[in-house]
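Below are the structure tokens for one structure; questions will follow.
Numbering of residues begins at 1 and proceeds along the displayed sequence.
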Amino acid sequence: MNHDFQIFMEDELENLRGEGLYNNIRTLEGSQGAWVKISGKEVLNFSSNNYLGLANHPDTVKAARKAIEKYGVGPGAVRTIAGTMTLHEKLEEKLAEFKKVEAALTFQSGFNANLAVISAVVGKGDIIYSDELNHASIIDGCRLSGAKVKVYKHGDMDSLQEVLEEEREGRGLIVTDGVFSMDGDIAKLDEIAELAEKYNVLTMVDDAHGEGVLGSYGRGIVDHFNLHGEVDIEIGTFSKALGTVGGCVAGSKTLVEYLKQKARPFLFSSAVTPADVAATIKSVEILKKDDSLVQKLWASGDYFKDNMKKAGFDTGDSQTPITPVMIGEAGTAATFSKRLFEEGVFAQSIGYPTVPRGKARIRVMISAVHSRDDLDFALGKFEKIGYELELI
Ligand code: PMP
């Protein structure tokens, strides 16, 4: 290793530790569930995006196992070269039907889907209007595209209108997270769609945290606002409520046909594994049949948030089961998270650059698999540590 670079990295790591921003990655000794085993200790899991418990649901596990027996473990190569499996086509049909759009296309992850789609839809000479709190994969997709990026204030439609009013050449694209994963607030997609129509620009929403959470039977943010047919591009990821790994885009048939020819992660990276595809098909089928998991998720989210507020915590402006517990300084948030772990609750602290400096928090991810007893257990621990650290 080059000596100067070695020193540079060591200094950077030391700085991160000093600022309380060093990511300590926990090792799980089993599957994702309400409780997980870490370093031999059972802790309540408040850190996963497994909103509905589908990551280790018996039916999704069974579907993955069956798919491996029939299709093997790998896709062979990129789809344009090795061909596409019937399984991938089936998932794309199911997703399109579930989201009430003409067509869908899968990618290897949600991150890849954002990179792929943004860079295929706009380029040099075009303009992207991007919410300031958009996910890193959107930001990177914007950079990759080469289009000019105009950032509007978070959720602020006046600010969006202001940038839309500025002179434009080429194509325009408004892009937003659907549910902002660090705060749990919902994009004003209805107003965004109206502005998009007025200014003749495209709309794209990343529904990573809306799928399986918002809309009827968890159909997502477009269904939540009843905007079917009015949003040009929906991005999805399977790694949250659907419980697996992969990403997708949903929209018109022509959009999907175009992306199959133009989107580089589709053309140059292999497809999602058969096991993931089959388990995702099962997740969509479970959602379509029964919304009890979605209902339970919301009831648990409301219960937890209400009781945290009663205890004196600031849970921000969340409109979804995502519960940010605002702490402020990254060091204090890290101490809070460490104390929670000692007390049996696995809830990560989140600091800069994922959230702005001075806005560090513990992000609690509620899941339908948590029981009322689990939530009460956690509430007791939050209160205990909140007093201890003089935060409430
Ligand atoms: N978009 C958003 C809003 C996300 O929160 C995430 C995951 N953190 C992604 C995209 C990326 O999804 P994936 O894990 O499937 O790459």
Side-chain angles (χ1 to χ4, degrees), residues 28 31-32 49-50 54-99 101-121 136-138 140-141 144-145 206-208 211-212 233-288:
L28 272 60
S31 67
Q32 288 287 354
N49 294 326
N50 184 21
L54 296 175
N56 59 347
H57 188 288
D59 293 350
T60 52
V61 172
K62 196 166 141 202
R65 199 175 286 134
K66 257 177 77 183
I68 288 174
E69 272 156 24
K70 179 162 179 196
Y71 293 93
V73 293
V78 299
R79 288 165 72 179
T80 47
I81 293 172
T84 194
M85 288 174 172
T86 46
L87 209 52
H88 292 80
E89 287 178 345
K90 185 173 169 194
L91 173 59
E92 285 158 355
E93 278 162 27
K94 290 251 171 212
L95 286 167
E97 191 196 336
F98 184 61
K99 289 189 162 276
V101 292
E102 281 178 9
L105 183 66
T106 55
F107 292 93
Q108 305 78 7
S109 69
F111 203 109
N112 257 357
N114 275 326
L115 295 187
V117 174
I118 298 172
S119 61
V121 167
S137 54
I138 294 180
D140 289 2
L144 186 64
S145 73
D206 176 353
D207 205 19
E211 271 162 356
I233 304 166
E234 281 177 73
I235 298 293
T237 146
F238 310 154
S239 66
K240 322 287 183 208
L242 298 180
T244 60
V245 163
C248 73
V249 59
S252 73
K253 269 191 181 140
T254 313
L255 173 75
V256 165
E257 193 184 345
Y258 173 82
L259 290 170
K260 279 182 175 171
Q261 305 302 318
K262 296 275 190 179
R264 290 169 70 82
F266 182 81
L267 295 169
F268 297 104
S269 183
S270 299
V272 195
T273 65
D276 275 306
V277 175
T280 311
I281 291 173
K282 184 52 74 183
S283 293
V284 176
E285 284 171 355
I286 290 171
L287 271 175
K288 266 184 74 180

Backbone of A55 reached by a side-chain donor or acceptor of N50 within 3.5 Å: yes

Under the salt bridge (Lys or Arg N to Asp or Glu O under 4.0 Å) test, residues paired with K99 that sit two or more places apart: D207, E211, E234

Where G76 and A82 come nearest, the two heavy atoms and their spacing: C-CB, 4.2 Å

Main-chain N/O of F111 paired with S137 side-chain donor or acceptor, under 3.5 Å: no

Do L267 and V78 pass the side-chain contact (heavy atoms from CB on, under 4.5 Å) test, and can you show the C-alpha distance, the side-chain angles, and the key distance before you say yes or no? CA-CA 6 Å; L267 295 169; V78 299; over 6 Å; no

d(F98 CZ, E285 CD) to nearest 0.5 Å is 11.5 Å

Atom pair OG (S283) and CD1 (I286), whose distance is rounded to the nearest 0.5 Å: 5.5 Å

Partner residues of T106 under the side chain to side chain donor-acceptor pair (under 3.5 Å) criterion, sequence neighbours left out: R79, E92

Heavy-atom closest pair (A120 atom, Y258 atom, distance to 0.1 Å) is O-OH, 2.8 Å

State, yes or no, whether a side-chain contact exists between F238 and L91 at a heavy-atom distance under 4.5 Å. yes

Closest non-hydrogen atoms of A104 and L95, given as atom of the first, atom of the second and distance, are CB-CB, 4.0 Å

Please give me the minimum heavy-atom distance between E102 and K253, naming the atom from each residue. OE1-N, 2.8 Å

Side-chain contact test, heavy atoms from C-beta onward, threshold under 4.5 Å: evaluate it for L242 versus L287 and give yes or no. yes

H57 and V61: CA distance, side-chain angles, deciding distance, side-chain contact (heavy atoms from CB on, under 4.5 Å) verdict: CA-CA 6 Å; H57 188 288; V61 172; over 6 Å; no

All salt bridge (Lys or Arg N to Asp or Glu O under 4.0 Å) counterparts of K288, not counting sequence neighbours: E97

Please collect all side chain to side chain donor-acceptor pair (under 3.5 Å) contacts where either partner lies in residues 239-249, sequence neighbours excluded, each pair once. T237-S239, T244-T280

Distance-minimising heavy-atom pair for I118 and G141: CG2-O, 3.6 Å

Does any part of the side chain of N114, heavy atoms only, come nearer than 4.5 Å to the side chain of F107, both counted from C-beta? no

So which heavy atom on L87 is nearest to which on A67, and how close? CD2-CB, 4.1 Å

Residue set satisfying salt bridge (Lys or Arg N to Asp or Glu O under 4.0 Å) with D206, at least two apart, ordered chain then number -> none

Hits for side chain to side chain donor-acceptor pair (under 3.5 Å) against T254, two or more places apart or cross-chain, chain-then-number order -> none

State which residues pass salt bridge (Lys or Arg N to Asp or Glu O under 4.0 Å) with E257; sequence neighbours excluded, sorted by chain then number. none

Does the side chain of F266 come within less than 4.5 Å of L105's, by heavy atoms? yes

Residues in side chain to side chain donor-acceptor pair (under 3.5 Å) contact with S252, at least two apart in sequence or another chain: none

When the side chains of residues 268-279 are checked against the rest of the protein, which donor-acceptor pairs come out under 3.5 Å, sequence neighbours left out?
| residue | atom | partner | partner atom | Å |
| --- | --- | --- | --- | --- |
| S269 | OG | Q108 | NE2 | 3.4 |
| T273 | OG1 | D276 | N | 3.3 |
| T273 | OG1 | D276 | OD2 | 3.0 |
| D276 | OD1 | V245 | N | 3.2 |

Quick check: do T86 and K90 have side-chain heavy atoms less than 4.5 Å from each other? no

Results of side chain to side chain donor-acceptor pair (under 3.5 Å) for D140 - residues two or more places apart only: R143

Among all residues two or more places apart in sequence or in another chain, which pass the side chain to side chain contact (heavy atoms under 4.5 Å, CB included) test with L144? L115, S119

Hey, could you give me each pair passing salt bridge (Lys or Arg N to Asp or Glu O under 4.0 Å) that has a residue in residues 59-77? Not counting sequence neighbours. none

